[in-house]
Amino acid sequence: MTEQRGTPPLVLVVDDDPGTRLLAAASLRQAGYATVEAADGDDGISAFRQFRPALVLLDVVMPRMDGFIACREIRRLPGGDRVPILMMTGLDDLSSIHRAYEVGATDFVTKPIHWVILGYRVGYLLRAARAFLDLARSEEKTRALLRAIPDRILRIGADGAVLDLVAGVGIAADPSVEDAGKRTLSDVLPGGIPEEVLRNIGEARKSGGIQRFEYAIDSAAGRRSFEARIVSIPGEESLLIARDMTDRKKAEDQLAHMAYHDALTGLPNRVAFSERLFQELARAKRRNEVVAIVFLDLDRFKDVNDTLGHDAGDRLLVAVAERLRGAMRETDTLARISGDEFCIILPDQRDEHAAIEAGRRVHQAFTEPFHIDGQEAHVTASMGISLYPANGGSPETLVKQADIAMFRAKSLGGGNFLPFSEEMSAEVAARVRMEKGLRSACEKKEFVVHYQPAIDLRSGRIVGAEALVRWRTEDQGLVQPLQFIPLAEETGAIVPISEWVIETACAQAQAWHAQGFGPFRISVNVSARLFHRYDLNATIRDILRQTGLAPGSFELEITESVAMGNMESTIETLWKLNEASIRVAMDDFGTGYSSLAYLQRMPIQLLKIDMSFIREMDRNPDDQTIVKTIIAMAHTLNIEVIAEGVERVEQLDLLKSFGCDLAQGFLFSKPVPAEEFTRLLAENRGMTV
Ligand code: C2E
Ligand code: MG
Ligand code: MG
């Protein structure tokens with residue numbers, strides 16, 4: 001009955017009779033309340049404003065302002081709408097009782113008042129008021145919560161009609177929800193609801209508990225997926241919660257796709273490939289079939305990226321994927337493993353022969369050129385193949401073997417296709433060792449430069465030297481460039497190696513000049529990787545400045561493949577080099593595109609005829625014709641010509657008769673260390689020309 005804790009609730013007693021006020025206040029204080037008193041309606045209203053009582057005890061009959069008016073006024077005050085107002089009326093005054101309720105009284109007590117009972121009455125009214133307030137607050141909270149949930153929540157009556165509906169955050173935008181007049185489930189659920197699901201919901205409402213359904217709706221905007229939960233007590237109201245799962249489903253599907261596919265080509269990735277291979281091998285085992293595993297790596301893909309840019313590289317990969325797919329059966333699997341590496345499973349082959357033939361067909365997909373950005377690109381691929389069961393049973397082993405065979409195929413110069421054989425493993429081990437060694441070779445200063453003279457065919461004197469790098473290893477002795485340059489290009493080690501060679505050769509040439517053996521040119525080979533670096537020109541000029549070598553004494557050797565990679569940017573770079581007085585030589589001419597037409601567009605100063613034309617020249621008239629033509633045409637373009645690989649006097653004589661300007665070859669000297677070259681320079685009067 002009483003408030004035990006905290007400040008006691010305050011009761012405002014309004015009565016014109018001081019005796020009643022006194023008794024009321026006394027009995028209420030006795031019951032544990034605080035009181036404040038007012039002698040009429042007006043005072044009562046001011047006291048309410050001032051004290052904000054928890055309850056008002058209000059007399060009806062008072063002079064000036066009576067209790068009815070006071071009650072109505074209090075109800076209009078802030079906080080007055082919720083305060084319990086207990087009116088005191090005469091015992092049989094029924095009309096007063098009616099009016100009291102009309103003006104908003106909460107309850108009434110009749111006079112004469114039973115003072116003990118009054119305390120209980122007040123206590124009850126206060127508790128009821130508090131419970132009412134708590135309920136209102138809780139409902140408000142629930143409503144706010146429901147508004148924040150992006151689900152559609154429906155209250156369904158026992159008869160199955162929709163009682164009300166809370167449109168969730170995401171769903172409120174849906175116009176159908178605003179249509180509150182609709183009363184059936186299928187009317188108000190998002191997108192309409194399939195019959196079958198409606199039946200399920202009906203069943204669930206009967207059986208009770210929580211049930212879950214999924215459904216999808218096809219609309220003009222596409223397919224949308226929903227999840228519905230129904231919470232029900234049989235025979236009573238139930239709640240239905242519907243959630244739009246479309247975006248989540250899409251994200252899930254996308255994640256699943258991403259985990260198994262390569263984003264660029266859309267092909268299965270390494271993970272998907274491994275799983276597939278596992279399945280295919282298990283199947284082949286049951287059926288006694290042969291499976292071919294192909295490992296394919298594009299040749300010189302780094303060049304494409306370096307010269308044409310990464311976007312073009314990406315487009316090439318997509319085109320390759322398409323081309324390969326077209327060369328395979330539906331049941332074959334093509335996967336992109338990384339970068340420019342693809343793996344292929346060719347299952348249910350009759351025998352080994354058929355399996356290798358299937359691989360060869362895939363390899364032939366590269367005979368036609370690709371078209372990238374309107375340019376024709378001849379792309380080749382190195383391919384290795386391993387066979388189940390001949391080469392082993394485990395997926396890892398078979399993939400590794402195909403990879404090894406691919407490696408071997410690549411070392412043959414690209415565009416090759418090889419089946420795995422046991423001997424290959426040892427070679428690969430050696431290559432891996434070399435790759436490791438290359439990485440530290442620069443710091444360990446294991447490289448040396450040898451110099452091979454270039455002879456002027458009119459004077460017979462040394463007019464130049466080609467710098468050729470060698471690698472002095474601890475275990476294998478002197479390694480020739482052809483054995484490690486391709487690998488260095490692949491791994492990127494070529495960049496620091498080349499910079500070191502340029503620096504060393506320039507410093508050496510400058511030293512020879514200083515010793516009075518000049519002037520002659522030093523030429524250095526550059527690979528595509530280095531040539532297409534944006535700072536090649538600046539790097540060379542820096543080195544020339546540091547070593548003090550005159551730019552005119554330096555010559556850069558590029559190959560046709562470097563030049564053809566990206567004609568426009570090549571030409572631009574060449575012009576910049578020329579502007580800096582740096583000479584450019586076209587190396588190994590005749591081995592690549594062999595087009596004299598494009599030479600016209602390139603600012604080069606020297607053409608090096610590849611030794612393959614010189615080798616048999618004195619015995620083969622066809623080669624003579626070619627060499628003669630190259631020399632004549634180069635001269636019309638004002639380009640000097642040097643013949644490489646001259647080993648015999650017969651070759652030399654022919655070259656001289658064709659008007660060749662320079663020659664280089666074992667006939668004069670092999671590439672030799674710097675000290676030995678110094679000796680050659682010292683005797684540089686009587687070379688056998
Ligand atoms: P290359 O630029 O065409 O160099 C000429 C190659 O022919 C050299 O092989 C040289 O030793 C060899 N040679 C010269 N005269 C004769 C001859 O009369 N008969 C025969 N059979 N061969 C002769 P080497 O030194 O093994 O170099 C091979 C290739 O490696 C070079 O071909 C060049 O493309 C590359 N290379 C060498 N040094 C470097 C370098 O510092 N950087 C880059 N990027 N490539 C280099
Ligand atoms: Mg060269
Ligand atoms: Mg050459």
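Quick note: numbers below take in every heavy atom, side chains included, and nothing from hydrogens, waters or symmetry partners. Order of listing sets the numbers, starting from 1, for every ligand and every atom in it.
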So, of the N/O/S atoms that [X] has, which is the nearest one to the Mg ion (ligand 2)?
X: Glu557; result: OE1
X: Glu466; result: OE2
X: Asp587; result: OD2

Check: Would you say Ser523 reaches the Mg ion (ligand 2) with an N/O/S atom under 2.8 Å?
Finding: no
Subset of ligand 1 atoms that lie under 4.0 Å from at least one heavy atom of [X]:
X: Val646; result: 18 (O)
X: Arg470; result: 11 (O), 24 (P), 25 (O)
X: Val469; result: 38 (N), 39 (C), 40 (C), 41 (O)
X: Pro671; result: 11 (O)
X: Asp588; result: 3 (O)
X: Glu557; result: 2 (O)

Looking at [Y] and [X], is there a salt bridge between them, counting it only when a charged N and a carboxylate O are closer than 4.0 Å?
X: Glu647; Y: Lys670; value: no
X: Lys302; Y: Asp340; value: no
X: Asp588; Y: Lys608; value: no
X: Arg521; Y: Glu640; value: yes

With rounding to the nearest 0.5 Å, note down the distance linking [atom1] in [X] to [atom2] in [Y].
X: Ile485; Y: Ile497; atom1: CD1; atom2: CD1; result: 6.0 Å
X: Thr570; Y: Met602; atom1: OG1; atom2: CE; result: 5.5 Å
X: Ile609; Y: Ile642; atom1: CD1; atom2: CD1; result: 9.5 Å

Notebook entry, point to check: To which of Glu647, Gln664, Glu644, Gln483 does the heavy atom nearest atom 20 (C) of ligand 1 belong?
Noted result: Glu647
Check: Counting heavy atoms only, which of Phe668, Phe666, Phe484 is nearest atom 23 (C) of ligand 1?
Finding: Phe666
Notebook entry, point to check: Looking only at heavy atoms of Glu466, does any of them come nearer than 4.0 Å to an atom of ligand 1?
Noted result: yes
Using a 3.5 Å cut-off and no angle test, enumerate the donor-acceptor pairs between side-chain atoms of residues 547-555 and protein atoms at least two apart in sequence or in another chain.
| unit_1 | atom_1 | unit_2 | atom_2 | d |
| --- | --- | --- | --- | --- |
| Thr547 | OG1 | Ile543 | O | 2.9 |
| Thr547 | OG1 | Leu544 | O | 3.4 |
| Glu555 | OE2 | Arg583 | NE | 3.0 |
| Glu555 | OE2 | Arg583 | NH2 | 3.0 |

Next item on the list: Answer with yes or no whether the side chains of Gln664 and Gln452 bring together a donor and an acceptor at under 3.5 Å.
Entry: yes
Notebook entry, point to check: Which residue pairs pass the ring-ring contact (aromatic ring centres under 6.0 Å, His included) test when at least one of the two sits in residues 626-647, sequence neighbours left out?
Noted result: none
Checklist line | Proximity to ligand 1 by part of Leu468, non-hydrogen separation under 4.0 Å | finding: both
Check: Would one find an N or O of Gln452, backbone or side chain, under 3.5 Å from an N or O of ligand 1?
Finding: yes
